[in-house]
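Note that ligands are numbered from 1 as they come in the structure, with each ligand's atoms numbered from 1 the same way.
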Amino acid sequence: MKPHVLVCGGAGYIGSHMCKRLARAGLVPVTFDNLATGHRSAVQWGPLEIGDLLHPADLSAVFARYPLQAVLHFAARSLVGESAREPALYLRNNVTGTLNLLDAMRSAGVGKLVFSSTAAVYGNPLYTPIDEAHPAQPINPYGLSKWLAEQQIRAYCEAYGLRAVCLRYFNAAGADADGETGEAHEPETHLIPNIIRAALTPSLGPVKLFGNDYPTADGTCVRDYIHVEDLAQAHLLALDYMNGQAGFHVFNLGTGQGNSVAEVLAQCQALCAGAPASETQPRRPGDPATLVASATLARETLGWTPRHGLDSILRSALRWHQGSATAAACPPTADR
Ligand code: UDP
């Protein structure tokens with residue numbers, strides 16, 4: 001029988017991409033998702049179990065039904081602004097939900113976990129590139145919820161022998177090379193999908209650029225955009241790593257290359273015949289000027305090397321938004 005892996009949040013953007021990779025690697029991805037933000041149509045590579053991390057009975061049922069060897073946990077609320085308005089929602093879903101998952105794993109004797117964490121645990125960077133030794137000082141409830149979830153996982157590793165890898169993503173972006181999975185949030189708050197939507201649908205109006213007075217080279221925020229395919233590869237390596245390593249481990253996932261909001265816009269305009277138009281708005285609360293990863297630890301320990309840069313991210317995302325009909329216009333590239 002093929003090994004089964006539970007993918008909490010497998011109907012979401014990164015989770016669905018992961019399921020495809022797991023299936024390609026010969027594993028059966030069992031998606032556990034409440035479909036609050038995920039899409040039923042994104043679950044194509046294994047069974048879908050609709051359930052909620054806040055309902056322990058849903059979890060026990062899925063652990064009883066499948067011979068699970070490991071868990072990948074993507075299920076979370078992930079919007080910074082929403083988290084500031086509704087911290088209870090974030091703490092309950094992301095912290096209590098993770099605790100329930102840990103208890104279900106413990107009861108079922110499933111001992112390996114890869115957890116989707118975030119650069120938001122670091123808060124305002126004291127230095128860049130940010131390495132894993134940087135203090136965790138989250139400045140919003142989303143970052144706090146992921147930090148608290150990490151600490152719960154650490155405690156379960158220390159006390160109960162769980163093996164866990166927390167992967168702190170910088171800015172996840174891009175889409176599947178075949179155009180099968182991509183980023184589809186409603187409402188959309190992220191830069192790259194917003195730029196592409198505005199480019200493809202001029203009636204949406206100009207894309208909003210939040211702030212041009214940051215202490216960066218061109219005044220706009222700098223981020224480290226990491227392709228979802230590279231993220232998926234890191235998860236496969238993390239699963240493998242836990243076969244030989246006990247305990248709790250944390251790795252940053254980014255390219256180490258920062259791009260400003262203005263650079264992302266210009267590169268997209270170069271791909272889209274000058275579109276979209278843009279308009280500068282005031283700063284968005286809670287945005288640090290620069291977030292760039294040091295991913296040296298992941299490279300040296302997991303053997304992970306990101307293959308895609310911004311051009312590949314933008315082309316794949318553009319293809320996903322355009323649909324397969326125009327895929328040939330923007331062939332995929334791997335620019336590293
Ligand atoms: N941003 C922007 N316009 C948008 C969405 C985002 O100017 O429509 C900026 C945002 O202020 C930040 C950067 O783009 O500086 C990346 O934001 P995103 O929401 O994509 O990711 P985050 O860094 O918040 O995780």
**Request:** Report, in ascending order of atom number, the atoms of ligand 1 lying under 4.0 Å from any heavy atom of L209.
**Result:** 7 (O)

**Fill in**
Heavy-atom proximity to atom 24 (O) of ligand 1, picking from R283, R223, K208, R284, points to R284

**Message:** side-chain contact (heavy atoms from CB on, under 4.5 Å), that's the test. Do L72 and L239 meet it? Break it down for me.
**Reply:** CA-CA 9 Å; L72 292 94; L239 279 176; 4.2 Å; yes

**Item:** Protein heavy-atom partner closest to atom 8 (O) of ligand 1 - residue, atom, separation in Å
**Value:** N194 ND2, 3.0 Å

**atom 16 (C) of ligand 1 [closest protein heavy-atom partner, distance rounded to 0.1 Å]** = Y225 OH, 3.8 Å

**Request:** List the atom of A76, the atom of K146, and the distance in Å for their closest heavy-atom pair.
**Result:** CB-NZ, 3.5 Å

**Ring geometry between F115 and H73 (parallel below 30°, tilted from 30 to 60°, perpendicular above 60°)** = tilted

**Request:** Assess R77 against Y90: is NZ or CZ under 6.0 Å from the centre of the six-membered ring, and within 45 degrees of the ring's axis?
**Result:** no

**Message:** Taking the ring centre of each residue, are F74 and H235 less than 6.0 Å apart?
**Reply:** yes

**Request:** Give the residue, atom name and distance (to 0.1 Å) of the protein heavy atom nearest atom 22 (P) of ligand 1.
**Result:** N171 ND2, 3.4 Å

**Within-cut-off N or O pair, F210 and ligand 1, under 3.5 Å** = yes

**Message:** Are any of the N/O atoms on H190, whether in the backbone or the side chain, positioned under 3.5 angstrom from an N/O atom of ligand 1?
**Reply:** no

**Request:** Check whether any side-chain heavy atom of F251 lies under 4.5 Å from a side-chain heavy atom of R168, and answer yes or no.
**Result:** no

**Request:** Report yes if some N/O of D287 lies less than 3.5 Å from some N/O of ligand 1; otherwise report no.
**Result:** yes

**Complete:** In this structure, atom 20 (O) of ligand 1 is nearest to the protein heavy atom L191 N, 2.8 Å

**Prompt:** Ion pair present between D287 and R283, side-chain N to carboxylate O less than 4.0 angstrom?
**Reply:** no

**salt_bridge(K20, D178) N-O dist < 4.0 Å** = yes

**Fill in**
Atoms of ligand 1 under 4.0 Å from any heavy atom of T189, numbered from 1 in the order shown, are 5 (C), 6 (C), 19 (O)

**Fill in**
V261 heavy atoms within 4.0 Å reach ligand 1 at atoms 7 (O), 9 (C), 13 (C), 14 (O), 15 (O)

**Message:** Please report whether ligand 1 has a polar contact with C221, defined as an N or O pair separated by less than 3.5 Å (distance criterion only).
**Reply:** no

